[in-house]
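Fair warning: this is a prediction, and the values are worked out from it, not measured in the lab.
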Number of protein chains: 2
Amino acid sequence: MSRAASIKDVANHAQVAVGTVSNVLNNPDRVSSRTKERVLKAIDELGFVRNDAARQLRAGHSRTIGVVVLDVGNPFFTSLVRAAEDAAAVNGSAVLLGDSGHDVARESHYIDLFEEQRVQGLLLSPVGDIGDRLDALRQRGVPTVLVDRLADEDRYSSVSVDDDAGGYLAARHLLDLGRRKLAFVGGPLSIRQVADRLGGARRAVTEADGATLEFLDSNGQTVLAGRGVGNSLVERSRGELPDGIFCANDLLALGVMQSLTMMHDVRIPDDVALIGYDDIDFAVSAVVPLSSIRQPTEAIGRTAIELLSEELDAQHPRHRAVVFTPELVVRQSTAGAAAPAVLTPVP
Amino acid sequence: MSRAASIKDVANHAQVAVGTVSNVLNNPDRVSSRTKERVLKAIDELGFVRNDAARQLRAGHSRTIGVVVLDVGNPFFTSLVRAAEDAAAVNGSAVLLGDSGHDVARESHYIDLFEEQRVQGLLLSPVGDIGDRLDALRQRGVPTVLVDRLADEDRYSSVSVDDDAGGYLAARHLLDLGRRKLAFVGGPLSIRQVADRLGGARRAVTEADGATLEFLDSNGQTVLAGRGVGNSLVERSRGELPDGIFCANDLLALGVMQSLTMMHDVRIPDDVALIGYDDIDFAVSAVVPLSSIRQPTEAIGRTAIELLSEELDAQHPRHRAVVFTPELVVRQSTAGAAAPAVLTPVP
DNA sequence: TCGTAACAATGAAACGATTCAAAGCGGAAG
DNA sequence: CTTCCGCTTTGAATCGTTTCATTGTTACGA
């Protein structure tokens, strides 16, 4: 298996100059079909494969884009990356994927790696605050687009989702069903996403006649945390239960559902309407299929690549912050809900 | 932002030869500390970043390993890749990740891409049969280790998990609890994993006194498919229900659990002991925490890198096929199970 | 027959890091 | 004073591709 064949070997084998081989690969119309054929035959016979290192050394930049996400296991990011890959492929670029796992060191490691690879640009869902790092990168010609994080438009382009709007959407849906005694499950509020979703829900409740919103701190976003909240809820007398519950994510909602419907017999959606957030795969498969808020992950990925292209094209790039509004997905956990007789639904 | 600084710029700025700068980076002990200091200062001031393309062009190979998996969203692969990354990092190699999404074209695309990048080797969980492709790759000096697929040791190294053993383990566990009327849920049997797991279960049942195994074709491995099987089961009279159910994966098991415990009142594990396969995150969070079979993903990833290193080192490499045995994880869905009074547990 | 336009093919130079034989430099020994 | 040794430093050559100015070829009209 000696050494990989180079363009020079191909040239010798096909009895042409190296430049001609290169042209066959990059500017096929400049080459007569007779020669082209001979060259392609030689390529095939020698099993020649382009050496991308040499190509990009000459070109001065690669045809790759670096993407660093917080957690590849999270379907939100998986789907986002998939969309980014597809969008990048249209421009003939490939994606290098890095998983920071919420770890600053890993994140930094990938940024270094990608910079050594001379990626055209970076898509980054940052772990912490790395403004300085990004400034230095841009200085050296590596533009970065922040993903899933709203950024100051004067400094960066970013693509994010409006969690406040999502919270509003969820609460408003419950209110539209005639529910008035709402509860929000989530926490701690130090997590921005959670706080924003709660904020949006509060806004919706303020707008509605005689509606209340109770905050139930779950201190974690897992199924178990949700079940814990559910269990403490059912200790109340029936009359004091909320008639609509909005959970900061689907895992919490599934936990609440388990607790209410299986371990106690509160009916969903009849007694309590329930809605989650994220629309994970399991939402459809729950005993009572779960209503949820879906984030437009494909659009986010596509847009991120778009913004990156803009930064690459423009000489003096202006940054843009694109904010997406999430979408309501109605399923049985709220859909079958009849409004409690006493209250009139909001028009 | 003109042009990225090169080693030559650093050399000028620090008043030394390019070779010296290179030595500072790669053989620091050959350089006097005075010069080293000057060079490092220059690197810092110019914001110099190594151009990996040039480095690997000279070296003839990169320091990366390509990994192509069937589905990055699948926790099995996520965890495997993470382990492979860590193992590769020990040798100073980085991992390029590609997601074929069970698509032959995507798979092929990534293999091409990685070969152009001159990866040292490939870890591949193949979509179909690509023996020829791999032979050609090896011819050109790119060794490949197959992952999650047993391969002929004469031709490839591979790391896989013994699904037959896993099936045996699950069924044996149910039998050890005293259950005798077992059912296997899964299908279609054209999926090798499913067939193997069923095969292992059959073997265990054959060994046990008076035990029977019924095959219930779910025709799919989803929660809904599992619920479907559950629903058809409960139409039987109570006496005809199996007392132990083994599902080909956890999703099916969760579906069966939903159907039996929530929609009808079969008690788990008292009436029916239930065990799944894969040990997904949700297994712990089920209403009745689900027993399952766990695959040693970290070990698989680590071993795959090890085998690849062996292939890289050896002149005339002998291939190895490493097969891991999965592990039983006992939770409440089988643990609390009392053996039916009539039957004596197998010793 | 000659000139010239159109088209093909050529091959040297450039990209940036690494390598390595050779040169430079002090200091110690003879 | 010369020689030699060990330690630093030097800089040309190299990797494989692309680019582009140059050369070669063909065909056609004058």
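When rounded to the nearest whole Å, the span between CD of Gln117(B) and P of dG16(D) equals 16 Å. Between Asp9(A) atom CG and dG16(D) atom P there is a gap of 8 Å when expressed in whole angstrom units. Atom C1' of nucleotide dG16(C) and atom NE2 of His61(A) are separated by 15 Å, given to the nearest angstrom. In this structure, CD of Glu116(B) is placed 15 Å from P of dG16(D), rounded to the nearest angstrom. Following rounding to the nearest Å, Arg34(B) (CZ) and dT9(D) (C1') show an atom-to-atom distance of 13 Å. Counting to the nearest Å, the P atom of dC7(D) and the CG atom of Asp29(B) are 12 Å from each other. In this entry the distance linking CD of Gln56(A) with P of dC15(C) reads 16 Å, nearest Å.
Ion pairing between Asp135(B) and Arg155(B) holds under the 4.0 Å rule for side-chain N and carboxylate O. The pair Glu306(B)-Arg302(B) fails the salt-bridge criterion, with no side-chain N (NZ, NE, NH1 or NH2) lying under 4.0 Å from an Asp/Glu carboxylate O. Between Glu153(A) and Arg320(A), no side-chain nitrogen of the basic residue sits less than 4.0 Å from a carboxylate oxygen of the acidic one, so the salt-bridge criterion is not met. In this structure, Asp52(B) pairs ionically with Arg55(B), as a charged nitrogen and a carboxylate oxygen lie closer than 4.0 Å. By the 4.0 Å N-to-carboxylate-O rule, Arg50(B) lies too far from Asp112(A) to be salt-bridged with it. Checked for salt-bridge contact, Arg318(A) and Asp154(A) miss the test: no charged N lies under 4.0 Å from a carboxylate O. Note on Asp44(B) versus Lys41(B): no salt bridge recorded, every NZ/NE/NH1/NH2 to OD/OE distance being 4.0 Å or above.
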Does the protein touch nucleotides 18-26 of chain D at the base, only the backbone, or not at all? Give it as B, S and - per nucleotide, heavy atoms under 4.0 Å.
BB-------

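Closest to the side chain of Val16(A), out of dG16(C), dA9(C), dT10(C), is dT10(C). Minimum atom distance to the side chain of Leu57(B) is reached by dG16(C), of the listed dG16(C), dA17(C), dT9(D).
Using a 4.0 Å cut-off, some side-chain N or O of Thr20(A) falls inside it from OP1 or OP2 of dT10(C). An OP1 or OP2 oxygen of dT9(D) is reached within less than 4.0 angstrom by a side-chain nitrogen or oxygen of Thr35(B).
Within 6.0 Å of atom CZ in Arg106(B), more than 12 heavy atoms from other residues, nucleotides or ligands are found, so the atom counts as buried in its surroundings. Counting non-hydrogen atoms of neighbouring residues, nucleotides and ligands closer than 6.0 angstrom, the CG atom of Asp129(A) reaches no more than 12 such neighbours.
Scanning residues 36-45 of chain A for heavy-atom distances under 4.0 Å to DNA chain D yields an empty list.
Defined by atom type and a distance below 3.5 Å, a donor-acceptor pair is present between the side-chain atoms of Ser157(A) and Glu311(A). At a cut-off of 3.5 Å, with distance as the only test, no side-chain donor of Asn51(A) or Glu116(B) sits close to an acceptor on the other residue.
Using five terminal pairs a side, the axes of the helix from dT1(C)-dA30(D) to dG30(C)-dC1(D) at its two ends make an angle of 70°, given in steps of 10 degrees.
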